[in-house]
Amino acid sequence: MPLWLEAGFWGFVASSALLIGALLGWFIRFSAKTVAYVMAFGSGILVAALSFELVGSSLEQVSILWIAGGFMAGALVFSLINHQLNLPAVKHRKRFQHQPPVASNTGMAIAAGTLLDGIPESIAIGLLVASGGKLSVATIAAIFISNIPEALSSTAGMRRGGRGGWFILRLWLGIAVCSGVFAVIGAVFFGSAPAHIKALVTCVAAGGIFAMVVETMIPEAFAETHEMSGLVAALGFVVAVALQALEA
C-alpha cells in the first residue's frame with residue numbers, strides 16, 4: 001500500500017469515531033458524567049501521545065529551540081482560530097449537558113470547530129506514517145477516543161435543534177473524510193522533507209493538539225466530573241504509556 005494511502009486510511013480510522021459518537025448520541029442517552037469521564041480519559045491519552053511520540057521523537061532530530069518554537073506556533077494558531085469560533089454551540093462543542101439547541105446555521109460552525117480539532121491530529125498521523133516509523137496504537141486510540149464524546153454531545157444538540165439523522169451522519173462522515181485528506185497532505189507534503197523540517201511540523205501539530213486538549217476537552221470534562229477529572233486523565237496517561245511500552 002502506498003504511504004499516502006496508508007496515511008489517509010489511518011487518518012480516516014482515527015476520525016471514524018465521530019460516526020460512532022453520532023450514532024451513540026442519536027440512539028442512546030448517556031449521562032453527562034459518563035461522557036465527561038470519557039473526555040477526561042481521552043485527554044490523558046492525548047497528552048501522553050503527543051509528549052512521547054510527537055515531541056519525544058523530535059528531541060532526537062532538532063534542538064529544543066525548534067521544538068519550543070514549533071510547539072508554541074501550533075498552540076498559537078489553534079487558539080487564535082478557536083477564539084474566532086465564538087458561537088456558544090461551537091465554543092462548547094464538546095459539552096453534553098446544557099448544550100443549547102443548535103440553530104439551523106450552526107451545524108457547519110460546529111463542523112468547522114471539529115475539523116479544526118482534527119487537523120493537527122491528522123497531519124501528525126500522516127507524518128508518522130510517511131516517516132517510516134511505527135504508528136503507535138496509543139496515538140490512534142487517543143485520537144479515536146477523543147472524537148467520540150465530541151460527536152456524541154454535538155449530535156444530541158443538533159437533534160434537539162431539529163436536524164435530521166441523515167444530515168448529521170453526512171456531516172460527521174464528511175469530517176472523517178477530510179481528516180483522512182489532511183493525513184494524506186501530511187504524508188505527501190512533509191513526508192520527504194528533511195528530518196528537521198518534519199520534526200518542526202510534528203511539533204507544530206503537537207502544539208495544536210495540546211491547545212485543543214486544554215481549551216476544549218479538559219474544561220468540559222471538569223465541568224461534570226470536577227476533581228475526579230484529574231484522576232481519570234491520569235489513568236488515560238498511564239494507559240497510553242503502557243501501550244507504548246508494550247509496543248517497544
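Hydrogens, waters and symmetry mates play no part in the numbers below; they use all other heavy atoms, side chains included. One is the number of the first residue; the rest follow in order along the sequence.
Every residue meeting the side-chain hydrogen bond (donor to acceptor under 3.5 Å, both in side chains) condition with Ser79, not counting sequence neighbours, appears here in chain and number order: Glu215. Every residue two or more places apart in sequence or in another chain that forms a side-chain contact (heavy atoms from CB on, under 4.5 Å) with Ile20 is listed here: Leu24, Phe144.
What you find for Ala183 and Gly11 is that their closest heavy atoms are CB-CA, 3.9 Å. Taking every heavy atom of both residues into account, Ala14 and Ile143 meet most closely at CB-CG2, 3.7 Å. For Val188 against Trp4, the heavy-atom pair with the smallest separation is CG2-CB, 3.8 Å. The two residues Ala176 and Leu18 make their nearest non-hydrogen contact at N-CD1, 4.4 Å. Nearest heavy atom pair, residue Gly42 against residue Met217, reads C-CE, 4.0 Å. Nearest heavy-atom pair across Trp26 and Ile168 is CZ3-CD1, 3.7 Å.
Connection of Leu80 to Ile123 is not established within any shared hydrophobic cluster, with ILVMFWY side chains joined at heavy-atom distances below 4.5 Å, either directly or through further cluster members. Placement of Phe189 and Leu5 within a single hydrophobic cluster is found when ILVMFWY residues are connected by side-chain heavy-atom separations under 4.5 Å, directly or transitively. No continuous path of ILVMFWY side-chain contacts below 4.5 Å connects Met228 to Val238, so the two sit in separate hydrophobic clusters.
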Step-by-step side chain to side chain contact (heavy atoms under 4.5 Å, CB included) determination, Ile175 to Trp172: CA-CA 5 Å; Ile175 295 174; Trp172 297 122; 3.7 Å; yes
CA sep, side-chain torsions, deciding dist, call: Leu54, Leu128, side chain to side chain contact (heavy atoms under 4.5 Å, CB included): CA-CA 9 Å; Leu54 300 182; Leu128 290 171; 4.0 Å; yes
Test side chain to side chain contact (heavy atoms under 4.5 Å, CB included) applied to Val38 and Phe41, step by step: CA-CA 5 Å; Val38 175; Phe41 186 78; 5.7 Å; no
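In this structure, the separation between CD1 on Ile45 and CG on Leu235 is 8.0 Å, given to the nearest 0.5 Å. In this structure, Phe222 CZ and Ile218 CD1 are separated by 11.0 Å, a value rounded to the nearest 0.5 Å. The structure places CD1 of Ile67 at 4.0 Å from CG of Leu59, a figure rounded to the nearest 0.5 Å.
Under a 3.5 Å cut-off, the side chain of Asn147 and the backbone N or O of Ser16 do not form any donor-acceptor pair.
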Using a 3.5 Å cut-off and no angle test, enumerate the donor-acceptor pairs between side-chain atoms of residues 197-213 and protein atoms at least two apart in sequence or in another chain.
unit_1	atom_1	unit_2	atom_2	d
Lys198	NZ	Gly191	O	3.4
Thr202	OG1	Lys198	O	2.7

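Counting only heavy atoms from C-beta outward, the side chains of Phe71 and Leu76 never approach each other to under 4.5 Å. Within the 4.5 Å cutoff, no side-chain heavy atoms of Tyr37 are placed close to those of Thr34. At a threshold of 4.5 Å between non-hydrogen side-chain atoms, the residues Val232 and Met39 do not count as touching. Residues Phe237 and Phe52 meet the side-chain proximity criterion, which asks for heavy atoms closer than 4.5 Å.
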